[in-house]
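Scope of the values below: all heavy atoms of this structure, side chains included, with no hydrogens, waters or symmetry mates. Below, chain A is the first sequence line, B the second, and so on; all start at residue 1. Predicted model, so just to flag it, every value in this text is computed and none were measured.
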Amino acid sequence: MIPIQTLRENPDYVIERLKVKNFEAKEIVQSILSHDEERRKTQKMLDEKLATSNQMAREIGILFKQGRSDEAQELKMRTAQLKEETRELSEKLASEEKNLEELIVRLPNLPAEIVKPGKSSAENEVVLQEGTLPSLESTALPHWELAQKFNLISFELGAKVTGAGFPFYVGKGAKLQRALISFFLDEAIAAGFLEFEPPLLVNEDSAFATGQLPDKEGQMYHVAIDNLYLIPTAEVPVTNLYRNMVLKHNELPIKLCAYSACFRREAGSYGKDVRGLNRLHQFDKVEIVEIAHPDQSFRVLDEMTSHVASLLRKLELPFRMVRLCGGDMSFTSAITYDFEVYSAAQQKWLEVSSVSNFTDYQANRLKLRFKDEEGKTRLVHTLNGSALALPRIVAALLENNQTPEGIRMPKALVPYTGFDLIS
RNA sequence: GGAGAGGUGGCAGAGUGGUCGAAUGCGGCGGUCUCGAAAACCGUUGACCCGGGCAACUGGGUCCGGGGGUUCGAAUCCCCCCCUCUCCGCCA
């Protein structure tokens, strides 16, 4: 949620910036401002009435204590009218607050200054590209065929036992999963992130606080009997650790990381893009989360992207880093960098990480604040990024490293896998 | 799943109808003392909303797990829900 303060102070700026996300905010913003004004007027009236009632109640108490019950009774009569009025006003106030909130949540986060307008991923800017694209033999196989050939992953058994998008990893395939998870976690810990192993289900409050609800409801698996949601990313439980808190400025930044399985219903996806590991209902990911001082969040963002880049370098994968244009960014993000690795056999770039600064947007909903150097309470900035999501990394590792002898493992991974070749 | 106990400020914990946003202790912050620190002592210390002020600050309102009710008045009484703890049962 954009803080109401921002909307009051700079409505025109908000409208202008949201155009970068192709969002026409003018009507909503105007509506918000008038509802806001109405709300304040109502509250003022209500507060005055309440002040009078409080005063009268106090007087009645004193009169009773002094044994002047006739006078007290008389005063009691006079509170009836007031009570009815405050009742009406507080109902009005509650409904106006609800209306206001419903409008505000419809506004996406403001894109940062550096973010350019654009409609789709075609307009994203490549800001960094590293590594040489491998040129494979014409006999090169896509990862789903390699997975079958070397018996690493079984999509068929997953489909039999659960459904499409829930693969089994087998033998060295399973070991590779564990190796990557450990490698990513160790790297994150070395970079100063504190490891958490989170619950894989969260309650409704948590899903709201990080913004999965109400609008992305259909993307999450829901356990109806207990009203719990399977997490789509570790960001949800880990960020919610800090819901409703006031931190001290010297506690910032807070750096957290977590491995988790992630569950996504991904309704409506189909075709070649979802073949093999390209898109799954359940996958593994190591997530990094940072809670930062507002003045520092863009520096922190750079640190996070450097961390992700270093992982890809160690895995010896050709990658590029892309700054998303306004139209391709998520609702809650102020700026997002995607990392993509090149899949040689599919001859396309696969997104393996998304690193975002949510500025104060998520913090506002989380009610996550800090006391600054002057003792003022302010919203923090939150950031997160995948470091990294496994499936497409595995796809790229298998495809790019296929040789006549088998699939060779990058050096950094061998201590974790215990093998350097899959044959 | 069964039985019981309980949810109060950063933490611990008192408060069972009126002057209670709430005793007390701890912690935090500021000071005295000290070369410095500890100890001791003194002072101070919640969040949110609306208004006034450039600001320090200040007036009003709300908040004692959440929601509803009784009452002139609720942390305190009643109802519903949620959560935690203890014992029993079941269980990796």
May I ask you to say what [X] touches in the nucleic acid, namely base, sugar-phosphate or nothing, with a heavy-atom cut-off under 4.0 Å?
{"X": "A/Leu75", "answer": "nothing"}
{"X": "A/Arg378", "answer": "nothing"}
{"X": "A/Ser53", "answer": "nothing"}
{"X": "A/Arg39", "answer": "sugar-phosphate"}

For nucleotides [N] and [M], find the distance between their [atom1] atoms and express it as a whole number of Å.
{"N": "B/C82", "M": "B/C48", "atom1": "P", "result": "30 Å"}
{"N": "B/U71", "M": "B/C78", "atom1": "P", "result": "16 Å"}
{"N": "B/C50", "M": "B/A55", "atom1": "P", "result": "15 Å"}
{"N": "B/C20", "M": "B/G73", "atom1": "C1'", "result": "13 Å"}
{"N": "B/A22", "M": "B/G13", "atom1": "C1'", "result": "12 Å"}
{"N": "B/G28", "M": "B/C85", "atom1": "P", "result": "28 Å"}
{"N": "B/A37", "M": "B/G30", "atom1": "P", "result": "12 Å"}
{"N": "B/C91", "M": "B/C80", "atom1": "P", "result": "33 Å"}

List the atom of A/Pro199, the atom of A/Ile231, and the distance in Å for their closest heavy-atom pair.
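Looks like O-CD1, 3.8 Å.
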In this structure, how many angstroms lie between the [atom2] atom of [N] and the [atom1] atom of [X], rounded?
{"X": "A/Glu91", "N": "B/G68", "atom1": "CD", "atom2": "P", "answer": "10 Å"}
{"X": "A/His35", "N": "B/C50", "atom1": "NE2", "atom2": "P", "answer": "16 Å"}
{"X": "A/Arg87", "N": "B/U62", "atom1": "CZ", "atom2": "C1'", "answer": "18 Å"}
{"X": "A/Lys367", "N": "B/C63", "atom1": "NZ", "atom2": "C1'", "answer": "13 Å"}
{"X": "A/Phe370", "N": "B/G46", "atom1": "CZ", "atom2": "C1'", "answer": "18 Å"}
{"X": "A/Glu37", "N": "B/G51", "atom1": "CD", "atom2": "P", "answer": "10 Å"}
{"X": "A/Arg58", "N": "B/A74", "atom1": "CZ", "atom2": "P", "answer": "12 Å"}
{"X": "A/Leu46", "N": "B/U62", "atom1": "CG", "atom2": "P", "answer": "8 Å"}

Assigned partner base of [N], Watson-Crick or wobble definition, under 3.5 Å:
{"N": "B/G59", "answer": "B/C50"}
{"N": "B/C64", "answer": "none"}
{"N": "B/A75", "answer": "none"}
{"N": "B/U86", "answer": "B/A3"}
{"N": "B/G36", "answer": "none"}
{"N": "B/C41", "answer": "B/G31"}
{"N": "B/C26", "answer": "B/G10"}
{"N": "B/U70", "answer": "none"}

[X] side chain: which of [options] is closest?
{"X": "A/Lys371", "options": "B/G46, B/G61, B/C49", "answer": "B/G46"}
{"X": "A/Thr377", "options": "B/U62, B/C48, B/C72", "answer": "B/C48"}
{"X": "A/Arg369", "options": "B/G60, B/C72, B/C48", "answer": "B/C48"}

Side-chain donor/acceptor of A/Asp47 to base of B/G61, under 3.5 Å:
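Donor-acceptor pair under 3.5 Å: no.
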Quick check: does any side chain N or O of A/Glu399 sit under 3.5 Å from a backbone N or O of A/His143, one acting as donor and the other as acceptor?
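A pair under 3.5 Å: yes.
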CD (A/Gln148) with more than 12 external heavy atoms under 6.0 Å
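No, the 6.0 Å shell around CD holds no more than 12 heavy atoms from other groups.
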Has A/Glu37 got more than 12 heavy atoms of other residues, nucleotides or ligands less than 6.0 Å from its CD?
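Not more than 12 within 6.0 Å, no.
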Would you please confirm or rule out a distance under 4.0 Å between OP1 or OP2 of [N] and any side-chain N or O of [X]?
{"X": "A/Lys376", "N": "B/A56", "value": "yes"}
{"X": "A/Arg40", "N": "B/G61", "value": "no"}
{"X": "A/Asn54", "N": "B/G61", "value": "yes"}
{"X": "A/Lys83", "N": "B/G73", "value": "yes"}

Going by atom types only, do [X] and [Y] share a side-chain donor-acceptor pair under 3.5 Å?
{"X": "A/Arg40", "Y": "A/Gln43", "result": "no"}
{"X": "A/Asn203", "Y": "A/Ser206", "result": "yes"}
{"X": "A/Glu38", "Y": "A/Asn99", "result": "no"}

Side-chain heavy atoms of A/Phe183 within contact of A/Leu413, under 4.5 Å:
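Side chain of A/Phe183 against side chain of A/Leu413, heavy atoms only: contact under 4.5 Å found.
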Closest-nucleotide mapping onto RNA chain B: is A/Leu50 or A/Gln43 further toward the 5' terminus? I mean the 5' end.
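Nearest-nucleotide comparison on RNA chain B picks A/Gln43.
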